Amino acid sequence: MPRIGVLLLLCVVLVGCEDGSNQCLDSESGNSEVSDGANLNFRSLRGLERPIVQVAADAFHRSSLKVHMHAEMSALADFESQSAVALVDEVCLIQKLKNNEPISALLEKVEVDPNSLHLSKSRVNSHTIRISHTQSLQALEVEAQSEACLKGIGDDVLFTLSSYKKDPLEGQQRHLNGIQASKAWETLALFDGGVSKDVIVAVIDSGIELTHEDLKEQLWVNLAERDGEPGVDDDENGYVDDVHGYNFAQGKGDPSHSGVWFGVEHGSHVSGLIGATGGNGKGVAGVMPQRVKIMALNVFGNRSGASTRNIDRAIRYAVDNGADVINMSLGGPGRAETTGSALAYAVSRGVSVAVAAGNSNLDIDRRAYTPAVFGAEYEGVVTVGATYAEDGKRCEFSNYGLSAVEVGAPGCQRSAPKSRNPYEGILSTVNDNGYDKMAGTSMASPVLAGGLALVVGVLKSKGISVESKITESSVKGTSDKLDFLEGKVAGSLHLNISGLADLLVALEGPKDGGGVVEPPDDEPDDGEDPGGEDPPPIDQCLALVD
């Protein structure tokens with residue numbers, strides 16, 4: 001039987017609780033599924049009282065399904081996969097299995113381990129499921145709405161990497177000049193202890209070279225696993241020997257790059273752009289060259305495609321294990337709703353996320369691209385397009401969108417005058433202790449992630465509470481507005497960490513020297529008047545520069 005090329009765009013509806021609210025608490029765990037990002041926020045369909053899956057299929061030339069597609073979910077490509085990703089309430093499913101209750105065919109092959117539930121801070125998880133292309137829309141809807149343990153279904157997106165292929169080489173890093181990095185470092189006294197707290201940046205990518213001279217001192221270390229017994233889950237987080245991160249593609253604790261394929265050096269390059277050690281007399285410098293710790297999360301293994309399931313799990317791992325910022329220099333056509341749920345989980349816990357817009361020169365306001373599509377939907381998730389390091393003009397390959405793409409950052413630089421290619425890559429770390437150039441929104445994303453990390457580092461060092469929406473507002477509120485980006489990037493914004501540093505250095509922490517500062521209320525505090533010389537709260541500062 002010939003395969004039918006159908007793009008399945010699957011979305012779930014979050015409907016109200018019995019009391020009309022969306023804040024249903026599980027009676028066993030007491031966890032709010034809304035704040036956990038477990039439910040997927042879409043408008044109610046036909047007033048149904050429980051989650052229902054609506055399938056929207058693009059009518060390709062071989063497709064017999066003709067279903068109206070939401071305006072924001074345009075056709076992308078001839079997509080032949082008949083798999084999807086289900087967001088499953090594992091506690092609910094295990095209870096059903098224990099009681100020998102019937103479950104739907106959608107969940108028959110989902111494997112859950114009762115012993116691992118206490119290891120996760122979220123009771124939901126992503127699972128790949130198969131959907132027959134011969135199944136009718138009506139039958140799928142009936143099956144989905146009858147399954148209480150199913151929180152949502154989304155596209156099974158095949159993620160691909162978004163790139164092409166005073167330190168000695170810092171002078172060649174034109175992108176640092178493009179965002180005025182040196183001035184920002186000086187303003188923040190970054191090399192003189194101005195930032196005193198470490199920032200953990202999770203890099204969801206192809207793995208990195210853990211022994212690289214410019215990266216090895218910047219690695220996140222899980223002390224319980226490092227000092228524990230090999231082959232044992234010493235910290236009981238569900239992952240064995242995850243000393244510097246985890247390899248979700250191959251199910252092992254070593255997140256190093258593996259195999260021989262075109263993207264094997266990608267993760268190392270991205271990591272160097274974020275946090276290559278500055279001032280060590282070697283190689284290059286990252287945007288955050290001090291007080292950064294890279295958590296390596298390998299979702300590709302030795303293959304060129306990463307599954308939605310592994311992407312989702314990597315996001316949740318990063319959040320549960322202390323990441324402050326997540327970088328996602330990857331993407332794929334479609335709208336992976338379960339990935340959106342994982343991102344909602346991240347920002348609800350104060351984690352900021354930088355995501356690449358993609359390299360197809362497409363308007364992604366019209367054509368959904370995951371995870372970039374979620375930047376405009378969740379405060380704290382920031383989608384970034386690639387620009388030339390020299391002047392901020394959009395790189396020709398970069399995706400764009402007046403809503404979906406929120407800021408531009410360097411992802412390419414101009415080639416030599418006689419070159420046939422108008423652009424070349426920007427310099428960073430690669431495998432085998434080397435340095436090389438790559439271009440792409442994959443490079444713009446870690447440059448932005450470095451800026452987000454600077455915000456988090458300063459706020460933490462000053463004892464100010466970190467919220468992902470404040471981190472995003474800080475970066476966007478101090479960005480330049482460039483005519484080059486008009487019509488391509490929301491607000492024509494381009495990253496400028498020098499302006500960001502000017503804002504951050506003016507902030508004051510708690511006056512008692514301890515604790516954290518909560519976001520200011522509408523009413524003034526009852527405490528002492530800070531006086532006219534003190535800087536305004538951070539949200540007011542942002543208003544001044546917006």
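Quantities reported herein were computed from a predicted structural model and do not represent experimental measurements.
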Using modelled atom types only, decide if a donor and an acceptor are shared between the side chain of [X] and the backbone of [Y] within a distance under 3.5 Å.
X: Asn359; Y: Ser398; result: no
X: Ser461; Y: Lys197; result: yes
X: Asp324; Y: Ile200; result: yes
X: Glu472; Y: Ser352; result: no
X: Thr441; Y: Gly358; result: yes
X: Ser468; Y: Gly350; result: no
X: Asp214; Y: Val284; result: yes
X: Ser415; Y: Asn421; result: yes
X: Glu379; Y: Lys469; result: no

Review point. Of Val430, Leu219, Asn298, Leu297, which meets side-chain contact (heavy atoms from CB on, under 4.5 Å) against Ile208?
Key: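 Of the listed residues Val430, Leu219, Asn298, Leu297, the side-chain contact (heavy atoms from CB on, under 4.5 Å) partner of Ile208 is Leu219.
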Take Leu330 and Phe300 through the side chain to side chain contact (heavy atoms under 4.5 Å, CB included) test and state the conclusion after the steps.
CA-CA 11 Å; Leu330 42 73; Phe300 286 89; 3.8 Å; yes
| request: Quick one: which residue pairs count as a ring-ring contact (aromatic ring centres under 6.0 Å, His included) with a foot in residues 466-503, not counting sequence neighbours? | output: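 Qualifying pairs, neighbours excluded: none.
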Next on the checklist: Considering only residues two or more places apart or on different chains, which pairs with a residue in residues 428-447 satisfy ring-ring contact (aromatic ring centres under 6.0 Å, His included)?
Outcome noted: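 Residue pairs with at least one partner in residues 428-447: His212-Tyr435.
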Salt bridge (charged side-chain N to carboxylate O under 4.0 Å, His left out) assessment of Lys476 paired with Glu406: CA-CA 8 Å; Lys476 292 167 67 174; Glu406 301 170 274; 3.3 Å; yes
Calculate, to the nearest 0.5 Å, the distance between atoms [atom1] and [atom2] belonging to [X] and [Y] respectively.
X: Asp391; Y: Arg414; atom1: CG; atom2: CZ; value: 4.5 Å
X: Arg174; Y: Ile179; atom1: CZ; atom2: CD1; value: 15.0 Å
X: Thr370; Y: Arg335; atom1: OG1; atom2: CZ; value: 7.5 Å

Self-check item: For Asp312, all residues meeting side chain to side chain donor-acceptor pair (under 3.5 Å), sequence neighbours excluded
Solution: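 Scan of Asp312 (side chain to side chain donor-acceptor pair (under 3.5 Å), adjacent residues dropped) gives Ser126, Thr338, Thr339.
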inquiry  = Is the terminal nitrogen or CZ of Arg316 (NZ for Lys, CZ for Arg) located under 6.0 angstrom from the six-membered ring centre of Tyr345 and within 45° of that ring's axis?
reply    =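 Verdict for Tyr345: a cation-pi partner in Arg316.
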query = Would Asp320 and Arg349 pass as an ion pair if we require N to O under 4.0 Å?
reply =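 Salt bridge between Asp320 and Arg349, a charged N being under 4.0 Å from a carboxylate O: no.
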Does a salt bridge link Lys488 with Glu486, judged by any charged N lying under 4.0 Å from a carboxylate O?
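Looking at Lys488 and Glu486, the cut-off is not met.
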Side chain to side chain contact (heavy atoms under 4.5 Å, CB included) with [X]: which residues, sequence neighbours excluded?
X: Lys252; value: Asn247, Gln250
X: Val489; value: Val405, Leu485
X: Ala224; value: Asn222, Asp235

Quiz item: Between Asn399 and Asn361, is any side-chain donor less than 3.5 angstrom from a side-chain acceptor?
Solution: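 On atom types as modelled, these side chains do not qualify, holding no pair under 3.5 Å.
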**Residues Asn327 and Ser329: side-chain donor-acceptor under 3.5 angstrom** =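 Yes, Ser329 and Asn327 have a side-chain donor paired with an acceptor closer than 3.5 Å.
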Can you run down the disulfide bond (SG atoms under 2.5 Å apart) pairs that involve [range], sequence neighbours left out, and say none if there aren't any?
range: residues 248-312; result: none
range: residues 396-463; result: Cys395-Cys412
range: residues 200-236; result: none

Does some side-chain heavy atom of Asn321 sit less than 4.5 Å from a side-chain heavy atom of Met295?
->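 Side-chain contact under 4.5 Å: yes.
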ask   = Does the side chain of Leu343 reach to within under 4.5 Å of the side chain of Phe374, using non-hydrogen atoms?
value =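 Leu343 vs Phe374: side chains touch.
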Scan the side chains in residues 267-276 for donor-acceptor partners under 3.5 Å anywhere in the protein, sequence neighbours excluded, and list what turns up.
residue	atom	partner	partner atom	Å
Ser268	OG	Glu209	N	2.9
Ser268	OG	Asn431	OD1	2.6
His269	NE2	Ile426	O	3.0
His269	NE2	Asp436	O	3.1
His269	NE2	Met438	N	3.4
Ser271	OG	Gly267	O	2.8

| said: Tell me every residue that passes ring-ring contact (aromatic ring centres under 6.0 Å, His included) with Phe248, counting only those two or more places apart in sequence or in another chain. | reply: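 Only Tyr239, Tyr246, Tyr317 meet the ring-ring contact (aromatic ring centres under 6.0 Å, His included) criterion with Phe248.
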Practice task
Identify, with sequence neighbours excluded, every residue that meets salt bridge (Lys or Arg N to Asp or Glu O under 4.0 Å) alongside Arg303.
Solution key: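 For Arg303 there are no salt bridge (Lys or Arg N to Asp or Glu O under 4.0 Å) partners, ignoring immediate neighbours.
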Partner of Asp198 under side-chain hydrogen bond (donor to acceptor under 3.5 Å, both in side chains), chosen from Arg291, Gln218, Lys460 |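 Answer after filtering Arg291, Gln218, Lys460: Arg291.
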